[in-house]
Number of protein chains: 2
Amino acid sequence: MNTPSHFFLSENNIPFRDYLKFGLSVDCVVFGYNEGKVQVLLIERNAEPFKGSWALPGELVPMNANLEDSANDVLKNLTGLSNIFMEQFFTFGSVDRHPAGRVATVGYYSLVGSNNYRPIASSWAKSIRWFDIDDLPALAFDHKRILQKGINTLKRRVRYRPVGFELLSKKFTLSELQDLYEALLDSKFDKPNFRKKILSMDLLIQLDELQENVSHRPAKLFKFDENRYRLLREDGFVFDI
Amino acid sequence: MNTPSHFFLSENNIPFRDYLKFGLSVDCVVFGYNEGKVQVLLIERNAEPFKGSWALPGELVPMNANLEDSANDVLKNLTGLSNIFMEQFFTFGSVDRHPAGRVATVGYYSLVGSNNYRPIASSWAKSIRWFDIDDLPALAFDHKRILQKGINTLKRRVRYRPVGFELLSKKFTLSELQDLYEALLDSKFDKPNFRKKILSMDLLIQLDELQENVSHRPAKLFKFDENRYRLLREDGFVFDI
DNA sequence: TTTACTTATAGTATTTTTTACTTTAAGTTT
DNA sequence: AAACTTAAAGTAAAAAATACTATAAGTAAA
């Protein structure tokens with residue numbers, strides 16, 4: 001690359017091109033929810049370094065790709081799905097975090113219903129599976145730290161944004177929603193009061209359908225009203241549970 | 001650098017070294033607060049590109065420096081101060097955000113009381129000064145977007161973390177605190193109720209000192225009780241205003 | 001087909017918190 | 001000494017959160 005002298009940027013006179021030696025990667029913390037447990041999708045690495053170790057799915061960002069596109073690619077390769085909720089949460093850039101060079105990594109977390117999506121092991125992953133977040137294996141690189149920060153971020157944000165709904169199927173019962181929030185916030189809520197609170201937000205649409213194949217009174221199914229949420233937010237409404 | 005073949009990481013067989021061409025920078029949104037206005041510290045660039053434009057203070061991260069250290073350096077050069085509250089908020093990595101190469105930038109925001117710290121223009125900044133956040137100049141690169149995201153982050157986080165105290169002097173009155181929160185959240189609070197709410201959190205220590213040089217009844221001075229906040233947090237307390 | 005059982009859902013009081021407002025206190029300025 | 005300004009305490013009404021009770025609607029077993 002042609003690096004004219006006016007691209008000196010700092011006080012010390014190091015040429016610009018000497019700063020262009022970073023690698024940049026994205027790592028995805030993919031959350032799921034199944035049978036009352038919050039889960040995360042991990043791969044078993046099929047390449048050095050850390051071949052055979054469990055790790056977060058991720059990739060080196062190609063020089064011509066934007067970060068979000070790169071993160072979406074990772075997810076698409078794993079689940080076959082696009083248009084999944086995904087949000088950046090932190091960037092990790094310690095000097096020695098990668099054994100082969102200076103690689104900073106941008107952490108994203110995304111939310112998918114575990115039941116809905118069967119992960120696909122691709123060539124760069126020997127295997128892939130869901131782990132409960134309270135029963136995790138050892139992880140490659142500094143992925144333990146990244147994952148922990150992702151979990152903390154989710155647990156904090158879930159209180160102030162309706163991200164919880166993304167972890168359920170499109171149609172869900174109020175009890176399922178309550179179970180999810182109890183798992184995420186590890187606490188217990190009173191059932192009638194939880195119902196009242198959620199319904200009073202006016203963010204759910206009650207469907208003309210009932211739960212099926214349950215051995216008790218079936219509950220009504222609801223779906224999240226995204227349009228209504230957008231409208232309320234414009235009026236300064238802040239989701240708070 | 002020696003790049004053994006087992007460092008191929010992706011499905012396409014691009015050698016690892018071809019990914020190591022990123023630049024990484026940090027940009028700091030330095031917030032202050034003065035006379036009822038939230039402010040931000042900007043520099044006038046003294047180097048190409050965008051020489052003469054206003055910009056966020058920042059620097060290219062040296063190959064042997066951690067991100068936080070680099071961000072702290074930037075702040076130290078500007079204010080002469082270290083040990084300032086600073087937090088990462090977002091990483092911007094669009095392909096074309098820098099005219100001279102692929103440079104991703106990690107955004108940090110920090111909080112200093114504007115009165116306390118006189119910014120120092122260094123060799124890489126022609127000038128430097130505080131701007132009210134509702135009266136900003138045009139900015140270099142994509143700094144407008146970065147700054148806006150920083151402002152949004154502060155306004156969101158200020159509701160759930162006691163970051164507001166960082167913007168005041170160590171000793172402050174309850175009215176000053178209220179003015180700050182009213183500026184940050186742009187809303188108005190009832191004075192007696194604000195007092196009650198803040199004091200009931202038990203996070204302030206009342207000092208044996210009064211305001212001075214005011215032409216009315218002087219208010220009591222308080223300081224933030226960091227130890228108490230740490231303790232409360234361990235018990236699951238969540239600051240909420 | 002009746003009875004027991006499970007979970008959903010509605011309703012109702014009690015307590016706590018928030019909000020709105022009033023009063024008094026303590027200083028400065030004229 | 002009177003007027004003025006802001007601090008700070010108090011109080012009552014409204015709203016929200018909480019705890020609890022009752023009923024409804026299904027399945028499963030007797």
Side-chain angles (χ1 to χ4, degrees), chain A residues 35-36 158-160 162 164-165 168-169 171-183 185-224 232 235-241, chain B residues 35-36 158-160 165 168-169 171-183 185-224 232 235-241:
Chain A
E35 290 171 15
V158 79
R159 296 193 54 213
Y160 310 118
F165 303 96
L168 298 172
S169 325
K171 304 170 184 180
F172 51 86
T173 71
L174 293 179
S175 289
E176 284 166 359
L177 186 65
Q178 180 172 353
D179 288 346
L180 170 58
Y181 273 98
E182 289 182 346
L185 299 170
D186 35 4
S187 49
K188 286 280 174 189
F189 305 112
D190 176 84
K191 208 160 179 172
N193 293 335
F194 183 84
R195 290 178 64 81
K196 247 182 291 179
K197 183 163 185 174
I198 292 290
L199 290 176
S200 73
M201 288 181 187
D202 214 18
L203 283 173
L204 299 187
I205 297 173
Q206 183 183 318
L207 302 171
D208 273 338
E209 287 180 75
L210 296 178
Q211 222 177 0
E212 282 177 13
N213 300 322
V214 285
S215 69
H216 55 75
R217 174 178 175 182
K220 290 171 188 162
L221 291 173
F222 292 82
K223 68 172 184 181
F224 183 62
L232 286 175
D235 292 347
F237 165 82
V238 182
F239 181 86
D240 196 340
I241 205 158
Chain B
E35 290 171 15
V158 80
R159 298 193 54 210
Y160 311 119
F165 304 96
L168 298 172
S169 324
K171 305 169 183 178
F172 51 86
T173 71
L174 293 179
S175 290
E176 285 166 359
L177 186 64
Q178 179 173 351
D179 288 346
L180 169 58
Y181 273 98
E182 288 181 346
L185 299 171
D186 37 2
S187 50
K188 286 281 175 189
F189 306 112
D190 176 85
K191 208 160 179 173
N193 293 335
F194 183 84
R195 290 178 65 81
K196 248 182 291 180
K197 184 164 185 174
I198 292 290
L199 291 176
S200 73
M201 289 181 187
D202 214 17
L203 283 173
L204 298 187
I205 297 174
Q206 183 183 317
L207 302 170
D208 273 338
E209 287 179 74
L210 295 178
Q211 223 177 359
E212 281 176 15
N213 299 321
V214 284
S215 68
H216 54 75
R217 174 179 176 184
K220 291 171 188 162
L221 290 173
F222 292 83
K223 69 172 183 180
F224 183 63
L232 287 176
D235 292 347
F237 165 81
V238 182
F239 180 86
D240 196 340
I241 204 157

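Chain letters run A, B, ... following the sequence lines, proteins first, then strands; residues in each count from 1.
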Visitor: Find the distance K188(A):NZ to dT18(D):P and express it as a whole number of Å.
Guide: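 From K188(A) NZ to dT18(D) P: 16 Å.
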
Visitor: From CG of N193(A) over to C1' of dA13(C), roughly how many Å is that when rounded to an integer?
Guide: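 Rounding to the nearest Å, CG of N193(A) and C1' of dA13(C) are 12 Å apart.
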
Visitor: Does any non-hydrogen side-chain atom of R159(A) lie less than 4.5 Å from one of V238(B)?
Guide: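 Touching, per the 4.5 Å side-chain cut-off.
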
Visitor: Would you mind telling me which of dC21(C), dG26(D), dA8(D) lies closest to the side-chain atoms of R217(A)?
Guide: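 Nearest to the side-chain atoms of R217(A), counting from C-beta on, is dG26(D).
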
Visitor: Using a cut-off of strictly less than 4.0 Å, decide whether K220(A) has a side-chain nitrogen or oxygen near OP1 or OP2 of dA10(C).
Guide: yes

Visitor: Which residues within residues 195-216 of chain B lie with some heavy atom under 4.0 Å of an atom in DNA chain C?
Guide: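 Of all residues in residues 195-216 of chain B, the ones placing a heavy atom under 4.0 Å from DNA chain C are K196(B), V214(B), S215(B), H216(B).
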
Visitor: So do the side chains of F222(A) and I205(A) get within less than 4.5 Å of each other, counting heavy atoms only?
Guide: no

Visitor: Pairing check on dG27(C): which nucleotide meets the Watson-Crick or G-U wobble criteria with it, both distances under 3.5 Å?
Guide: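 Across all strands, the one nucleotide that pairs with dG27(C) is dC4(D).
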
Visitor: To the nearest Å, give me how far apart CG (D190(B)) and P (dT17(C)) are.
Guide: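 From D190(B) CG to dT17(C) P: 18 Å.
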
Visitor: Nearest 0.5 Å, please: how far is CD in Q178(B) from CD1 in I241(B)?
Guide: 9.0 Å

Visitor: Please report the distance, rounded to the nearest Å, between CD1 in I241(A) and P in dA17(D).
Guide: 11 Å

Visitor: Would you classify S175(A) as touching base, sugar-phosphate or nothing, given that sugar-phosphate means primed atoms plus P, OP1 and OP2, and contacts are heavy atoms under 4.0 Å?
Guide: sugar-phosphate

Visitor: Heavy-atom distance under 4.5 Å between the side chains of L204(A) and K223(A), does that happen here?
Guide: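 No - every pair of side-chain heavy atoms lies 4.5 Å or more apart.
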
Visitor: Decide side-chain contact (heavy atoms from CB on, under 4.5 Å) for E182(B) and F189(B); before the verdict, give the C-alpha distance in whole Å, the side-chain angles of both, and the deciding distance to 0.1 Å.
Guide: CA-CA 7 Å; E182(B) 288 181 346; F189(B) 306 112; 3.6 Å; yes

Visitor: By ring-ring contact (aromatic ring centres under 6.0 Å, His included), which residues pair with F239(B), not counting sequence neighbours?
Guide: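 Applying ring-ring contact (aromatic ring centres under 6.0 Å, His included) to F239(B) gives none.
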
